[in-house]
Amino acid sequence: MSQQIQAVRGMKDILPQETPLWQRVEQTLRDTFSAYGYSEIRLPLAEKTELFQRSIGEVTDIVEKEMYTFEDLNHERLSLRPEGTAGCVRAGIEHGLLHNQIQRLWYMGAMFRHERPQKGRYRQFHQAGIEAFGMEGPDIDGELIAMTARIWKSLGVTSLVLQINSLGTLAARQIYRGHLVEYFNGHREALDEDSQRRLTTNPLRILDSKNPDMRELILAAPQLSEHLDAESLAHFERLKTLLDSAGVLYTVNPRLVRGLDYYSKTVFEWVTDQLGAQGTVCAGGRYDGLIEQLGGKAAPAIGFAIGLERLLSLIESQAGLPAPQPPHLYLLVAGEHAERAGVKLVESLRDALPGLRLVMNCGGGSFKSQFKRADKSGARVALLLGDEELAKNIVGVKFLREERAQQEISMDNLAASLRELIL
RNA sequence: GUGGGCGUAGCUCAGUUGGUUAGAGUCCCAGAUUGUGAUUCUGGUUGUCGUGGGUUCGAGUCCCAUCGUCCACCCCA
């Protein structure tokens, strides 16, 4: 065993038992995105490292220590994408999709972060995301949030709650950040080790500390909401009105801070208490400055990403795995003649009955062992083809899941009979 | 990067204060039933006890190291 090559730490295989749920969730997402008028964009898994440094932020953990970065053979620094927004904006600028235009895009796929794996967190994980460009009002913010709410509804997910906040414009946040640093610097001795480090990296994060010893200090700290610019305040108020109209429940969490540098104004998270420490299933926000920062013509933008492993895990804990789709039919063949006739038969059945799930026994075996495989396959009906059936030009039909007499059906109208029987 | 729990058959797990040849269930194969599954009965296959070292007459069991895994911190979807 020790000699066996194992999967890379934190990179999971998605096994046949789990893929039906993945397919269902992916289909629901595609359908919902499409219903709101969003188009799919497919992006490379790797980008130039600089793209992530310039968008996500130089001093974030993601860029500092979590990226899979390597040097290409021509000495270019590349990174596997740790999130989807940067690549999407890069592609949008590169192909002129964002120049004076409204654009509604979605993507889905694998992301990579070199973190220590734990529940709901993996080194290769999957996100489905939306990016909406060219719309500055809160109406598009509301649309995105309503769309996420609809996705939970379609999937039967009930244990998610919505938290929203406004970070204000970048300028307003810089000013607030100054006040906050000044305040915490005045109480440096009361800060724990993590928060002393955050003071220089991301002081807003201190507000979200889980350390109960710092609770009072945090409660007395300057509030972001008191330092918001008038424009952001109005934007936030209108968003709340829109959410009320759409019937989406929310709580305002003034300590909700997104980790990535590019966010401004609206931020939101859908969280659950059912997944241990990694409770954020979906998170997003507005990033009005990013396009210009990456060299495009300035344009407003907002997006979100859903962590698929977390969403799947939530659905699984609530509803379990969906039933797999077993074959309708399993064909048993005994003898060389029957094998040849069987191949001909299954191909004609596939022609006549599109959508038919039919497994033909391969690998020989006695009727007994073939029946065992038929049963294990989950098929509702076993078809028998042996020398006796060939001689009479019929196929034996045995029901594996119900009390029902075995039948003999003529080869000539087998397709028509099976259509009635099982489809 | 830091801390804690756990590594025994393909899977789920038991294994006594250290004591002979490491077990159960399940799965798989064969037979009971010469062309009939699932149920029942009988028989059979399956192991570097994660890996390396140490203590001991003797280690799955104790010690050290290491790797893997899970959970938590940090951070994030």
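We name chains A, B, ... by the order of the sequence lines, and we start the count at 1 in each one. Just so you know, these numbers come straight off a predicted model, no measurement behind them.
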Electrostatic pair A:D375:A:R401 at N-O distance under 4.0 angstrom: yes

Aromatic centroids of A:Y38 and A:F33 separated by under 6.0 Å: no

Side chain of A:D375 (C-beta onward), nearest among B:rC28, B:rG37, B:rC76: B:rG37

Separation of the C1' atoms in B:rG68 and B:rU8, to the nearest angstrom: 15 Å

Select one nucleotide: of B:rG35, B:rC70, B:rA72, the one nearest the side-chain heavy atoms of A:P117. B:rC70

Check A:R90 with A:E94, please: is the shortest side-chain N to carboxylate O separation under 4.0 Å? yes

For the pair made of CZ in A:R121 and P in B:rC70, what is the distance, rounded to whole Å? 12 Å

Taking pairing as Watson-Crick or G-U wobble with both contacts under 3.5 Å, can you name the mate of B:rU2, or confirm there isn't one? B:rA72

Distance below 4.0 Å between A:K119 side-chain N/O and B:rC70 OP1 or OP2: no

Looking for any heavy atom pair under 4.0 Å, which part of the strands does A:Q406 touch: base, sugar-phosphate only, or nothing? base

Across all strands shown, which nucleotide pairs with B:rG47 by Watson-Crick or G-U wobble geometry, both distances under 3.5 Å? none

Students often get this wrong, so: under 4.0 angstrom with heavy atoms, is A:R9 touching a base, only sugar-phosphate, or nothing? base

Tell me what A:G120 touches on the nucleic acid: a base, only sugar-phosphate, or nothing, going by heavy atoms under 4.0 Å. base

Applying a 3.5 Å limit to both distances, which nucleotide forms a Watson-Crick or G-U wobble pair with B:rC57? B:rG19

A:E403 CD to B:rA38 P, straight-line distance once rounded to whole Å: 15 Å

Counting side-chain heavy atoms from CB outward, which of B:rU33, B:rC74, B:rC70 is closest to A:K368? B:rU33

N-O pairing of A:E83 and A:R113 below 4.0 Å: no

Could you tell me whether A:Q278 contacts a base, only the sugar-phosphate backbone, or nothing, with contacts defined as non-hydrogen atoms closer than 4.0 Å? base

If I pick the C1' atom on B:rG15 and the same atom on B:rA9, what distance separates them, to the nearest angstrom? 14 Å

Mind checking if A:E389 touches a base, just sugar-phosphate, or nothing, with heavy atoms under 4.0 Å? base

For A:F371 and B:rG37, are the ring centres under 5.5 Å apart with planes inclined under 30°? no

For the pair made of CZ in A:R401 and C1' in B:rA38, what is the distance, rounded to whole Å? 7 Å

Just the rounded figure in Å: distance from P of B:rU34 to CG of A:D387. 17 Å

Nearest to the A:F367 side chain among B:rC28, B:rG35, B:rC76, which nucleotide is it? B:rG35

Counting only heavy atoms not in A:E193, do more than 12 fall under 6.0 Å of its CD? no

Need one value for A:K398: base, sugar-phosphate or nothing, where a base atom within 4.0 Å counts as base even if backbone is also close, heavy atoms only. base

Any ion pair linking A:E408 and A:K392 (charged N to carboxylate O, less than 4.0 Å)? yes

Checking all strands, does A:A334 fall into the base, sugar-phosphate, or nothing category for heavy-atom contacts under 4.0 angstrom? nothing

Among the nucleotides B:rA38, B:rC70, B:rG35, whichever has the atom closest to the side chain of A:K12 is B:rC70

Taking the P atom in each of B:rA30 and B:rC71, what is the distance between them to the nearest angstrom? 40 Å

Pick the nucleotide of RNA chain B nearest each of A:L385 and A:G279; which residue has the one closer to the 5' end? A:L385

Please state the P separation for the pair B:rG7 and B:rG44 - nearest whole angstrom. 30 Å

Could you tell me the Watson-Crick or G-U partner of B:rG10, where both distances fall under 3.5 Å? Say none if there is no partner. B:rU26

Among B:rC75, B:rG68, B:rC73, the nucleotide that comes nearest once only the side chain of A:Q118 is considered: B:rC73

Closest listed nucleotide, where the reference is the side chain of A:R116 and the choices are B:rC74, B:rU2, B:rC76: B:rU2

For A:K65, report the nucleic acid contact type (base, sugar-phosphate, nothing); a contact means any heavy atom under 4.0 Å. nothing

Of A:L384 and A:K376, the one whose closest nucleotide on RNA chain B sits nearer the 5' end is A:K376

Salt bridge flag under 4.0 Å for residues A:R380 and A:E402: yes

Please give, in whole Å, the distance from B:rA32 C1' to A:K372 NZ? 12 Å

When the C1' atoms of B:rG5 and B:rG37 are considered, how many whole Å apart are they? 44 Å

Students often get this wrong, so: under 4.0 angstrom with heavy atoms, is A:Q370 touching a base, only sugar-phosphate, or nothing? nothing

Describe the nucleic acid contact of A:F399 in one word from base, sugar-phosphate, nothing, applying a heavy-atom distance below 4.0 Å. nothing

When you check the gap from the basic side-chain N to the acidic O, do A:D194 and A:R197 get nearer than 4.0 Å? yes

A:N211 CG to B:rC73 P, straight-line distance once rounded to whole Å: 12 Å

Indicate yes or no: does A:E40 engage A:R42 in a salt bridge with an N to O separation below 4.0 Å. yes

Whole-angstrom distance between B:rU61 and B:rG18, as gauged at atom P: 11 Å

Rounding to an integer number of Å, can you tell me how far A:E115 CD sits from B:rC70 P? 14 Å

Work out how far the P atom of B:rU56 is from that of B:rC27, and round it to whole angstrom. 47 Å

A:Y330 OH to B:rG35 C1', straight-line distance once rounded to whole Å: 15 Å

Separation between the P atoms of B:rC67 and B:rG58, rounded to whole Å: 29 Å

